[in-house]
Amino acid sequence: MLLPQDGMLDVWLDALNVPRPFTWTRNKFVCSTHFKEGDKIKSGCKTILRRDAVPSLTEHVEQSVDDAPQLYTGHACSSAVHFAEVATTSNTPPRSDPSHPEVLKHPPFTPPLIPRTTLTLSISSPSSNKSSSLSEQSGHSPKRPVKMHYSSTTTKPRESSSSTDSSTRRKRICSMVKEFHSYSTSPRTVKVKLQRAQNKQVKTRRKLYQAKKTVKSLKIKVRSLKTVIADLRKNQNLSEHALFHLEKSYEEIPDVLMARYLKNREARCTTREKYPEKLRSFACTLQFYSSKAYEYVRQTFALGMPSQSTIRKWYANVNCFPGYCTPAFDALKCKVDEATINNKKLICGLMLDEMSLRKQVEFDGKRTWGYVDLGTGIQNDSLEPASEVLVLMVVALNAHWKIPIAYFLIKSLTGKEKANIVFEALTRLENSKVKIISLTCDGPSAHLTMLIELGCKLDDLKNLQPWFSHPTTNEQIFCFLDACHMLKLARNMLGSLCEIKNAEGKAIKWSCIKKLHELQDSETLNLANKLKKNHIEWQRQKMKVSLAAQTLSASVADALDFLCDDLQHPDFQDVKPTVEFVRRIDAIFDLLNSRCPWSKGFKAPLRESNQNTWRPYLLDSIEYLLSLNDVAGREIWRTARKTPIIGFIMCIRSAIGAFDAIVTGGPLEYLLTYKFSQDHLEMFFCCVRSRNGFNNNPSCLQFMQTFRRLLLHTKIDASGRSGNCRVLDDTVILTVPSQSTVQMSGSNMPDIPLLRRYGLDALIEEERDHDYDILPIAIDFNNLTANIVTYISGYVIKMLKRRFKCPDCVEGCIGHEFDEDYRFLFKKNKGGLYIPTKGVTTICLSVEGCIRRFMDATEGRIPRESNFFETFTIAISQKFYGQGKVLFPHLEEHFIDYSTITNNHTASLIKAIVGAYVRIRFFNLCKRFTSVIQGKSIRQELNKLILFNHQ
């Protein structure tokens, strides 16, 4: 009987004199003979105990096996009872050797003289998986345990039972007894069972060894991401900056990679499950830095990472052409819906800035890139190559994300044109339910004109209005000129003018800062500031914000104060106006650059609890900035150096207005002014430049591709030393889903007006009367051109072998004839070039004639229409559709077999040949046109002079 688990357990243990402590398990039970017959209740074939039943020390049987009760584990007790019963019925005396495995762990006993009885067996399946001690020691493999209860009472046979039933029952009982008592079997059977168990043990050990070996190799292969990073560093596949970022940002990736790798091994094929978000981000980021490094990691470590073609498909599904980015607005709508569910209101700021681009015209196989493109769909070949890109970005004020929403390839834009772009962006953002309260830009004259066009009043600084009305909601949009740019301009103003005067007419001198540096340099010690030679010679690195912030800092003011007041240094007796100016600019910058909610002093966020401190100081700073004059007595805000004065005053008034709008009367508890900084956009530009090794002058096509990569699951760190600012908070780029948003054109008809524009009228004329006139445009090529085109035709066949699916058509394009147009090809052939047939060279010559025709019409300019190359390819191909038998006579039967509308090999082969030749030629033409518009490479010349100076 199983031991109880309730309060009766202690009663049973006391009755059986079991020592404590005692642990209850399902394998410990008491023999049923130690219970009285009155404690048992028979229910059909089962016998159960009463709830108040307690075992006794004596066994309630006719012949007692033991004088004291025992607590058995497993099936020892039941096995002993059955051992005695078998010994009685079979007249086989038990082995008395205590070392024998059959009687091990059993107390010695004398077989009782039991009258002829009926043996009743009750079979059940206990929860324990352990077999009896007898079966373990006899070499039996463990099987499902069986409980057998012995009944000493003589049972009367049923009247309906027959001799056949008794025989069947007896055989079943004997087979069960043989199964649990191996001594009743022959030695040969036991030996066979032992051999099977030993063989199974050997196989299990081999499997365990292989499993341990596999796990060990996997742990060694990908123990952590540091293994991958260390190997990349060893092979020099990535820069140190990229390696540091990957090692820091993706610590959980090895677990994801290991789980996916094990799934692939278990299924013995590549799993079709969706890639986890972290793995997608890691793959895109590593492939962003270096395609070679990504392929090395994927092949060397055998990880479950996507192929580069899969990553390119993710990118291709996101439409990121110039103009307003639709996927970005879709992502903003998701953020608005998420905030609405959480009963929050999404508040954002808008900012814009330009980045320089390289003048380069490129062909991507479908269209040319490099011309001015505003995303309006206007396509004009008279547009100039783009030299800049204008980017608009949205930054969340009450969250930690940012996302670029539009970009425009430009050469230059007026302030009025930029104002129209801002109005359109605000309207689209309002349609997406995004609330915008600020606009941030830097301080060139075009941006000041843009702000005036938007509605700001900047003429009179004493009555400055730094806001304009929203085009749809009429809410106030506060304008900020980037505080970092204003700080650099303030340093430049003091360094260029060398001396300015305050309201009292006292001089603020740049020479005071310069003398401080000279004094520290002579002593080779610093007065707790960072002044160095680079800070004094700022013209060489005027774009670095850190140099300007360290120059006009409180540490420099403290050093000047110490030399003047404490040491009474004779060279620093007139530094008080300079100290006041430095402290004022430093405090204004700290207030306009607060980024931590727990900072104190001027770096603290703007709260209602501390506005009695920062508001009066900011208003007083406005009066101080307006009182600054140059050496001639003119107010600086009226001179050419007015930009830092205007910028700081605009930022101060806009910060106060934004605080009153979203903190005093809005949902925010405090305002972090760093959210209005243009650093977020500068960090995005730094990420773009970091593509392929910090290319600080990418082309238009490179920018578009990088822009798309940054929007799609790519986490790029912009904290490298090559930028003009550093990452100061945890704002990340909001990603967009890789869903299909690109609209594919399915038209097979050429654009006739477009062909007429480029002088290709011959491609749209009526069909010719003679089949032998197969050239759409008849041009008399000289032998030089014919040989070059024939040579290029061999590369056309090489492209067909990779892309065209029908091997018979490709083999039909390879010829063996020889004439004067093949002499250059045979001269260059070393055994690996393809020799085209006459039909392939005829098609290529016709395409070359069409290319020369429109190049003459455009005076060497490359067409920029996105549908020109598709139209051009279709128009030429249609002229050859009826000439398949003439061009490829040996493929006539093949073309007849595959001439259906949906599977026309004649049309497909001709279109593939035309498209391949067009791609080859336009790649070359774009390079030639780029070399013309770029002119002389001044940078390369100066780089060589610097690197190889005096060599």
Side-chain angles (χ1 to χ4, degrees), residues 309 313 365-366 744-751 755 762-778 786 789-819 821-822 825 829 831-850 867 869-921:
S309 60
K313 289 179 181 178
K366 296 181 180 179
M744 305 300 294
S745 60
S747 176
N748 291 324
M749 298 301 296
D751 189 349
L755 295 175
L763 296 180
I764 56 178
E765 292 177 353
E766 298 296 331
E767 295 293 335
R768 292 173 295 277
D769 296 334
H770 305 285
D771 291 340
Y772 57 83
D773 185 15
I774 60 176
L775 281 175
I777 296 180
V789 172
T790 303
Y791 178 74
I792 298 176
S793 301
Y795 283 95
V796 170
I797 298 177
K798 188 175 181 180
M799 295 176 66
L800 290 179
K801 289 184 72 67
R802 294 198 309 264
R803 301 182 180 182
F804 203 72
K805 297 181 179 180
C806 180
D808 296 334
C809 292
V810 176
E811 291 297 329
C813 296
I814 302 176
H816 305 282
E817 63 267 23
F818 175 79
D819 59 17
D821 294 341
Y822 288 79
L825 176 61
N829 187 16
L833 298 181
Y834 293 98
I835 302 175
T837 61
K838 198 65 177 177
V840 176
T841 57
T842 301
I843 295 176
C844 293
L845 286 171
S846 178
V847 177
E848 180 66 24
C850 296
N867 62 335
F869 301 98
E870 183 179 3
T871 297
F872 183 69
T873 302
I874 293 174
I876 297 179
S877 301
Q878 287 180 351
K879 290 298 180 180
F880 287 105
Y881 284 169
Q883 309 297 329
K885 299 178 182 179
V886 180
L887 296 172
F888 307 99
H890 47 287
L891 292 177
E892 180 178 356
E893 296 182 359
H894 179 74
F895 288 156
I896 294 175
D897 296 337
Y898 297 93
S899 59
T900 61
I901 298 177
T902 58
N903 191 18
N904 192 328
H905 281 208
T906 306
S908 300
L909 179 61
I910 294 175
K911 186 176 180 180
I913 294 173
V914 174
Y917 188 86
V918 167
R919 279 191 290 271
I920 293 174
R921 287 292 286 125

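A 4.5 Å side-chain heavy-atom check between Ile814 and Pro836 finds every atom pair outside the cut-off. Residues Tyr917 and Val789 are in side-chain contact: their nearest non-hydrogen atoms beyond the backbone lie under 4.5 Å apart. Proximity of Tyr834 to Lys801: side-chain heavy atoms (C-beta onward) are separated by under 4.5 Å at one or more points.
Looking at Ser908, its side chain does come within 3.5 Å of a backbone N or O of Asn904 through a donor-acceptor pair.
Of the inter-residue distances, the one linking Ile874 atom CD1 with Lys911 atom NZ reads 4.5 Å to the nearest 0.5 angstrom. Between the OH atom in Tyr791 and the SG atom in Cys844 there is a gap of 14.0 Å [rounded to 0.5 Å]. Interatomic distance, Lys798 NZ to Ile920 CD1, rounded to the nearest 0.5 Å: 10.0 Å. Put simply, CG on Leu845 and CD1 on Ile792 are 10.0 Å apart, with the number rounded to the nearest 0.5 Å. Here CG of Leu891 is found 8.0 Å from OG1 of Thr837. Values are rounded to the nearest 0.5 Å. Note that CD1 of Ile876 and CZ of Phe872 are 3.5 Å apart. Values are rounded to the nearest 0.5 Å.
For Arg921, the salt bridge (charged side-chain N to carboxylate O under 4.0 Å, His left out) partners two or more places apart in sequence, or in a different chain, are Glu848. Take Ala786 and apply the side chain to side chain contact (heavy atoms under 4.5 Å, CB included) test, not counting sequence neighbours, and it matches Asp821. Applying the side chain to side chain contact (heavy atoms under 4.5 Å, CB included) rule to Ile835 yields the partners Tyr822, Leu825, Phe826; only residues at least two apart in sequence or on another chain are considered.
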Check residues 804-811 and write down every donor-acceptor pair under 3.5 Å in which the side-chain atom is one partner and the other belongs to a residue at least two apart or another chain.
none

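When all heavy atoms are compared, the tightest approach of Leu800 to Cys813 is CD1-SG, 4.3 Å.
Considering Leu909, Thr906, Ile843 as possible partners of Leu887, the one that fulfils the side-chain contact (heavy atoms from CB on, under 4.5 Å) test is Ile843.
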